[in-house]
Protein chains: 2
Amino acid sequence: MNELEPEYLKSAGLKSTLPRLKVLDLFKNGQERHMSAEDVYQLLRDSGDNVGLATVYRVLTQFEQAGLLVRHNFEGGKSVFELNEGTHHDHIVCMQCGHVEEFYDSAIESRQKKIAAELGFTIHDHSLQIYGDCTKAKCPHRR
Amino acid sequence: MNELEPEYLKSAGLKSTLPRLKVLDLFKNGQERHMSAEDVYQLLRDSGDNVGLATVYRVLTQFEQAGLLVRHNFEGGKSVFELNEGTHHDHIVCMQCGHVEEFYDSAIESRQKKIAAELGFTIHDHSLQIYGDCTKAKCPHRR
DNA sequence: ATGCAAACGAGAATAATTATCATTCGCGCC
DNA sequence: GGCGCGAATGATAATTATTCTCGTTTGCAT
Ligand SMILES: [Mn+2]
Ligand SMILES: [Mn+2]
Ligand SMILES: [Zn+2]
Ligand SMILES: [Zn+2]
């Protein structure tokens, strides 16, 4: 578990507690980039840590509000979180294997701004996901 | 309640029942274009019809599968449905008043296709919502 | 080391949706 | 128009994701 994280939490206005450090470590040094509350809970449990599920939900929401994590609502009804690394991106999700790729397209971004302006809206946020089948070798369901 | 709807249901492979006719009528002739299961349930209840909530959920899902309705997952955790009129569009939602505007942008659509192809995905679907504040006169929260 | 507010863990509560199952309905056939 | 039967319905229980409650523990400043 990274030594710098306690300071990282402090500077985000959150006191450094064991559950928070463990969750943050998972996102910073773990295998998965996009994780649900249940994912985080199980991974912590698997590594022998005893963190309550309610605490996982609390910490994820706090991290989101502090700007450390970003929340996404992919299809499937559960929130998914990832580290906030400052740069916005959107997602394409494989409906067969769940694999997620990230992309950023400035043409799409600027068209969104234009559309919002034309319709008289001030943009706060947007959510774009493409759903399909990946044909990558890593997809266990590829043809 | 429109006289042609029984045939409309039949041709969609669904037998013409009272609850189905009422739900369909709401989407075809009602005030709201985008409605959740609870919205539909309450509107039917308000108009004196006694339709079970479970039936509303069942019918909405059946209509979606039959291609009569389209389901959207806006923020807020509940599914929202609208009449499928053949043409795809995306949505911009006011975070103050909930007002929804629809838009279609061929530049965004074609960029999505290109991105999916580059990443080795076959697109099945996509979901794009812009969230902001509307400045329209109709927004009860405008400045 | 001590104190205390903040955070935690377990489990109850809530919200949206789905499953179960006894009763009712739509519809083809007499 | 009445029968019969499988599909559809409505009430309610069950499920899933998430939040709330509350007694206990912990981080951290004194
Ligand atoms: Mn991402
Ligand atoms: Mn629409
Ligand atoms: Zn795949
Ligand atoms: Zn508005």
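At C/dG9, one or more side-chain N or O atoms of A/Thr55 fall inside 4.0 Å of OP1 or OP2 (strictly under the cut-off). For D/dA8, the OP1/OP2 oxygens have a side-chain nitrogen or oxygen of B/Arg20 closer than 4.0 Å. An OP1 or OP2 oxygen of D/dT18 is reached within less than 4.0 angstrom by a side-chain nitrogen or oxygen of A/Tyr57. Contact between the side-chain N/O atoms of B/Ser16 and the OP1/OP2 oxygens of C/dG26 is not found at any separation under 4.0 Å. Contact annotation: B/Lys15 does not reach the phosphate of C/dG26 (side-chain N/O to OP1 or OP2, under 4.0 Å). Look at B/Thr17 and you won't find any side-chain N or O under 4.0 angstrom from OP1 or OP2 of D/dA7.
Side chain of A/Asp49 to backbone of A/Val51: no donor-acceptor contact under 3.5 angstrom is found.
Side-chain atoms of B/His91 and B/Gln129 include no donor-acceptor pair closer than 3.5 Å.
The separation between B/Glu38 atom CD and C/dT18 atom C1' is 15 Å, rounded to whole Å. When the C1' atom of C/dC27 is taken as reference, atom CD of B/Glu7 falls 13 Å away, rounded to whole Å. The distance between atom CG of A/Leu9 and atom C1' of D/dC28, rounded to the nearest whole Å, is 15 Å. Atom NZ in B/Lys78 sits about 18 Å away from atom P in D/dA17, given to the nearest Å. The nearest whole Å value for the distance from the CG atom in A/Asn50 to the P atom in D/dT25 is 13 Å. Between A/Leu14 atom CG and C/dC8 atom C1' there is a gap of 15 Å when expressed in whole angstrom units. As a whole-Å value, the separation of A/Leu21 CG from D/dT26 P is 15 Å. Rounded to whole Å, the distance from CG on A/Leu53 to P on D/dT16 is 14 Å.
Comparing C/dG26, C/dT17, D/dA11 against the side chain of B/Ser79 picks out C/dT17 as the nearest. Comparing C/dT17, D/dG10, D/dT18 by their closest approach to the side chain of B/Val51 singles out D/dG10. Closest to the side chain of B/Pro19, out of D/dG10, C/dG26, C/dC8, is D/dG10. When distances are taken from the side chain of A/Arg58 to each of D/dC28, C/dT17, C/dG9, the shortest belongs to C/dG9.
Shown here is B/Gln42, whose CD atom has more than 12 heavy atoms of other residues, nucleotides or ligands within 6.0 Å.
Classified by interplanar angle (parallel below 30°, tilted 30° to 60°, perpendicular above 60°), the ring pair B/His34/B/Phe74 is tilted. Between B/His89 and B/His72, the ring planes are tilted. Angles from 30° to 60° get that label.
Residue whose closest nucleotide on DNA chain C sits further toward the 5' end, between B/Lys10 and B/Ser36: B/Ser36. Position along DNA chain D of the nearest nucleotide to B/Tyr41 versus A/Ala54 favours B/Tyr41 as the more 5'-ward residue.
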